[in-house]
Amino acid sequence: MRLAELGQADRDEPARILAVCNSCRYCEGVCAVFPAMELRREFGRGDLDYLANLCHDCGACYQDCQYAPPHEFAVNVPANFARLRAQSYAEYAWPGALAGLFRRNSAAIAAIAVLAMAGFLLGFAAAHDSEALFARDDHFYRLMPHAAMAWLFGLAFAYALLAMAMSLRNFWRGIDGGAVRPIMLSHAVRDAASLHYLDGGGGGCVNSDRPMRGGDSGDHRRLFHHLTFYGFLLCFASTSVATLYHYMLGWEAPYRWFDLPVLLGTAGGLGLVVGTAGLAMAKRWRDPVLRGGTGLGIPFLAMLGLTAASGLLLLALRGTSAMGLLLALHLGLVFALFITLPYGKFVHGFFRLASLVKYAGERH
Ligand code: SF4
Ligand code: SF4
């Protein structure tokens with residue numbers, strides 16, 4: 001079922017399943033969802049959104065469940081929660097008028113990326129003659145001044161942060177999050193940073209009934225997720241260090257291979273390429289009954305992976321005549337990534353962290 005087809009019935013089905021789980025309680029040691037569920041007798045919209053975003057989609061409760069299909073109770077927590085999570089991203093999106101981007105996610109993200117890359121290519125072609133465009137040097141700012149880059153990408157990123165902060169505020173209100181204490185934040189950040197609840201109660205994340213290697217449960221999603229998440233942070237750190245170099249020390253790009261921005265960006269880019277490819281493969285190998293089929297994962301992974309790959313290619317070929325073309329493609333992808341962050345899978349990190357914060361409060 002696509003996200004566009006979700007309706008009220010999709011809250012009725014998870015609520016029915018949780019009523020079964022609340023009587024059964026076999027999975028209460030598997031993850032945070034079940035202890036949180038046991039604090040409730042009824043499951044309204046906020047409860048369901050909270051529990052769905054607390055779920056890390058490890059799949060263990062489906063594998064453990066004696067009431068999974070073909071049993072008539074047809075309990076499938078991971079797939080129902082995946083659809084509910086995707087629905088919650090759209091319902092709490094800011095501004096609400098752009099929530100439709102979640103429902104046509106692949107087409108919207110692909111169109112924005114193509115338009116952004118075309119925009120940079122046409123802009124470069126209009127502002128420079130072909131000799132400058134294909135010159136063999138690595139000075140990016142010859143093609144686009146640093147101030148123009150800083151303003152354009154600074155504004156795009158500031159918009160993304162504002163939109164995600166407003167979505168998070170809507171979500172927090174929707175799940176009746178309440179006051180936040182420092183101890184709640186520290187527990188939530190620790191659990192999120194280690195993906196504590198992706199271990200399926202110790203057995204590992206279930207990717208498929210076909211083990212990836214060595215007969216284990218295929219718990220490689222944690223590794224690939226870490227590579228993606230920390231790769232993203234390293235790329236962010238690289239940009240931040242380069243900005244400090246430029247404005248505080250007067251050291252302008254291009255930087256040498258062993259300079260900190262290049263080292264951080266290279267490590268982060270490699271992490272993103274390997275991590276996103278691994279997560280995409282894990283999705284492909286995942287047992288189809290565990291999939292929510294929302295269509296949000298692959299567009300986001302593709303954008304992250306392509307942006308990182310284009311950055312690494314630009315770094316490798318920056319002294320060649322391909323630099324101008326690669327710079328336009330990379331900047332187009334980065335711009336598209338920034339402005340689509342609030343309308344894709346990226347928001348799952350904020351909603352899950354908020355749910356972990358609420359869970360830490362309930363636990364204490
Ligand atoms: S998922 Fe199945 S086994 Fe686990 S608590 Fe729910 S009904 Fe029980
Ligand atoms: S985190 Fe895993 S065990 Fe817990 S509800 Fe989600 S899929 Fe089930």
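Keep in mind that what you see is a predicted model, and the values were worked out from it rather than measured. Remember, it's 1-based here, ligands and their atoms both numbered in the order they're listed.
Between the side chain of Arg16 and the backbone N or O of Phe73, at least one donor-acceptor pair lies under 3.5 Å.
Between Asn53 and Ser88, the shortest heavy-atom contact is ND2-OG, 3.2 Å.
With sequence neighbours excluded, the residues that form a side-chain hydrogen bond (donor to acceptor under 3.5 Å, both in side chains) with Asp49 are Arg11, Tyr92.
Proximity of Tyr67 to ligand 1, defined as any heavy-atom pair under 4.0 Å, is confined to the side chain (atoms from C-beta onward).
Around atom 6 (Fe) of ligand 2, protein N, O or S atoms at a distance under 2.8 Å total 1; waters are neither shown nor counted.
Cation-pi geometry between Lys345 and Tyr89 is not met: the NZ or CZ atom fails to fall both under 6.0 Å from the ring centre and inside 45° of the normal.
Salt bridge annotation for Arg83-Glu13: absent, with no cationic side-chain nitrogen under 4.0 angstrom from a carboxylate oxygen.
Looking at heavy atoms from C-beta onward, Phe229 lies out of side-chain contact with His226 at the 4.5 angstrom threshold.
Each of Arg352, Lys283, Arg286, Arg291 was compared with Asp57 under the salt bridge (Lys or Arg N to Asp or Glu O under 4.0 Å) criterion, and only Arg286 meets it.
If you number the atoms of ligand 1 from 1 as listed, the ones under 4.0 Å from a heavy atom of Cys27 come out as 1 (S), 3 (S), 4 (Fe), 5 (S). Heavy-atom proximity to Gln66, at under 4.0 Å, picks out these atoms of ligand 1: 3 (S).
By the 30° and 60° cut-offs, the orientation of the rings of Tyr343 relative to Tyr159 is tilted.
Compare Cys24, Cys21, Cys65, Ala19 by their heavy atoms: the one nearest to atom 6 (Fe) of ligand 1 is in Cys21.
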